[in-house]
Chemist: 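One structure, as structure tokens, below. Some questions next.
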Amino acid sequence: MDVLALYGLLVLTTLPPLIPNSALLVTTGVLASRGEVFLPLVLVVVGGSALLGDLLMYLAARRFGGPVRTWMRRNPRRRALLAWTSHRIQRYGLPFVIVVRFLPSGRIVGALASGVLRYPLRKYALGAAVAEATWATYSVGLGYLGAATTGRPLYAVALGFGVSCAVAAIGTAIQWATRRRALHDPPEEGGGGEGGGTAGGGGDTQGEEPPGEGWGEGRGGRASAMVAAPVPA
């Protein structure tokens, strides 16, 4: 395959979400180990394309929060994912913005929830950049290290794809267990009031401070109200 065509294919399969490209990324890592493509450029293309896709989803959700909430709430599973993710973004902030990328459907729901909550753009961009750089290195690195270790490209591709599936299965199990536990745990005090109390105390009142760099990780009431707010017909 032509090298430029390969880079174009990487962009087309990485920028939009929900396109399975694990095998392509592992194969590209194998090619990099053989010197057929330049590994640093591959990582920049893969990570940069994924980051651009994340930012586009975030900005769309930030700009069109009402339609996004409507679409997410039409399906019970999407509604539960939005609520689950939004609660953890407002509770844990930047670390969860990074971690959610590696959970099933986490790339989409993390970007949409952050946009709907109007999480600060610079913080979201930083978290998404760290997550996508880690994901690109891990995904391509499986093929690169597998080929360097085994010396057999087919074995390296199979090994890398198997590890990717195992990681995805672990992420699914963690997400399922966390959501199941959340269903059985009583709601936290002070986190869901529509008046907008902060998790760490303080007199934050709804609508008093516009979202921006002062958006705190503990502003549970305000963020929950934004997610649950009724959408005008």
Chemist: For Val45 and Ser49, which heavy atoms make the closest approach, and how far apart are they?
Modeler: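 Closest approach of Val45 to Ser49: O-OG, 2.7 Å.
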Chemist: Are side-chain heavy atoms of Tyr144 and Val30 found at a separation under 4.5 Å?
Modeler: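 No, too far: nothing below the 4.5 Å cut-off.
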Chemist: Closest approach of Gly110 and Thr85, non-hydrogen atoms and distance?
Modeler: CA-CG2, 4.1 Å
Chemist: If we only count heavy atoms from C-beta on, is the Asp54 to Arg107 side-chain gap below 4.5 Å?
Modeler: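 A side-chain contact exists here, since the closest heavy-atom pair is under 4.5 Å.
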Chemist: Can Tyr7 and Val42 be said to form a side-chain contact (heavy atoms from CB on, under 4.5 Å), step by step?
Modeler: CA-CA 7 Å; Tyr7 286 131; Val42 169; 3.7 Å; yes
Chemist: Rounded to the nearest 0.5 Å, what's the gap from CD1 on Ile108 to CG on Leu81? Could you check?
Modeler: 10.0 Å
Chemist: Kindly indicate whether the side chain of Thr13, heavy atoms from C-beta on, has any atom under 4.5 Å from the side chain of Leu24.
Modeler: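 Yes, side chains in contact.
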Chemist: Checking the side chain of Arg62 only, and the main-chain atoms of Pro120 only, is there a donor and an acceptor separated by less than 3.5 Å?
Modeler: no
Chemist: For the atom pair CH2 (Trp71) and CZ (Arg78), what is the distance rounded to the nearest 0.5 Å?
Modeler: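 One gets 4.5 Å once the value is rounded to the nearest 0.5 Å.
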Chemist: Let me check something: do Tyr138 and Val44 share a hydrophobic cluster, defined by ILVMFWY side-chain heavy atoms less than 4.5 Å apart, either directly or through other members?
Modeler: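 The answer is no; the residues belong to distinct hydrophobic clusters.
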Chemist: State, yes or no, whether a side-chain contact exists between Phe38 and Val3 at a heavy-atom distance under 4.5 Å.
Modeler: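 They are not in contact (no side-chain heavy atoms under 4.5 Å apart), so the answer is no.
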Chemist: Is Val116 close to Arg69 at the side-chain level, that is, under 4.5 Å between some pair of heavy atoms?
Modeler: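 Contact flag for Arg69/Val116 side chains = yes.
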Chemist: Tell me whether Leu52 shares a hydrophobic cluster with Leu9, the cluster being built from Ile, Leu, Val, Met, Phe, Trp, Tyr side chains joined at under 4.5 Å.
Modeler: no
Chemist: Should Tyr92 and Val97 count as side-chain neighbours, where that means a heavy-atom distance under 4.5 Å?
Modeler: no
Chemist: Quick check: is Val11 connected to Leu43 through a chain of hydrophobic side chains (ILVMFWY, heavy atoms under 4.5 Å apart)?
Modeler: yes
Chemist: Any non-hydrogen side-chain atom of Leu31 less than 4.5 Å from a side-chain atom of Leu6?
Modeler: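 Yes, their side chains come closer than 4.5 Å.
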Chemist: Keeping the roles fixed (side chain from Ser86, backbone from Ala83), state whether a donor-acceptor pair exists under 3.5 Å.
Modeler: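 Absent.
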Chemist: Between the side chain of Arg101 and the main-chain N/O of Glu132, is any donor-acceptor distance below 3.5 Å?
Modeler: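 The answer is no, because no donor-acceptor pair under 3.5 Å joins these two groups.
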Chemist: When you compare the side chain of Trp135 with that of Leu25, does any pair of heavy atoms fall below 4.5 Å?
Modeler: yes
Chemist: Do the side chains of Leu12 and Leu10 join up, straight or via other hydrophobic residues, at under 4.5 Å, putting them in one cluster?
Modeler: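 No; Leu10 is not reachable from Leu12 via cluster members.
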Chemist: Drop me the distance from Leu94's CG to Leu126's CG, to the nearest 0.5 angstrom.
Modeler: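 Leu94 atom CG to Leu126 atom CG measures 5.0 Å (nearest 0.5 Å).
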Chemist: Are Leu112 and Leu18 linked, directly or through intermediate hydrophobic residues, by side-chain heavy-atom contacts shorter than 4.5 Å (ILVMFWY only)?
Modeler: yes
Chemist: Look up atom OG1 in Thr14 and atom CG in Leu51, then write down how far apart they are to the nearest 0.5 Å.
Modeler: 12.0 Å
Chemist: Measure the CG-NE2 distance between Leu117 and His87 for me, rounded to the nearest 0.5 Å.
Modeler: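 NE2 of His87 is found 12.0 Å from CG of Leu117.
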Chemist: Ring-plane angle category for Tyr58 and Tyr124, please: parallel below 30°, perpendicular beyond 60°, tilted otherwise.
Modeler: parallel
Chemist: CG of Leu82 to CG of Asn75: how many Å apart, nearest 0.5 Å?
Modeler: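 Between Leu82 CG and Asn75 CG, I get 11.5 Å after rounding to 0.5 Å.
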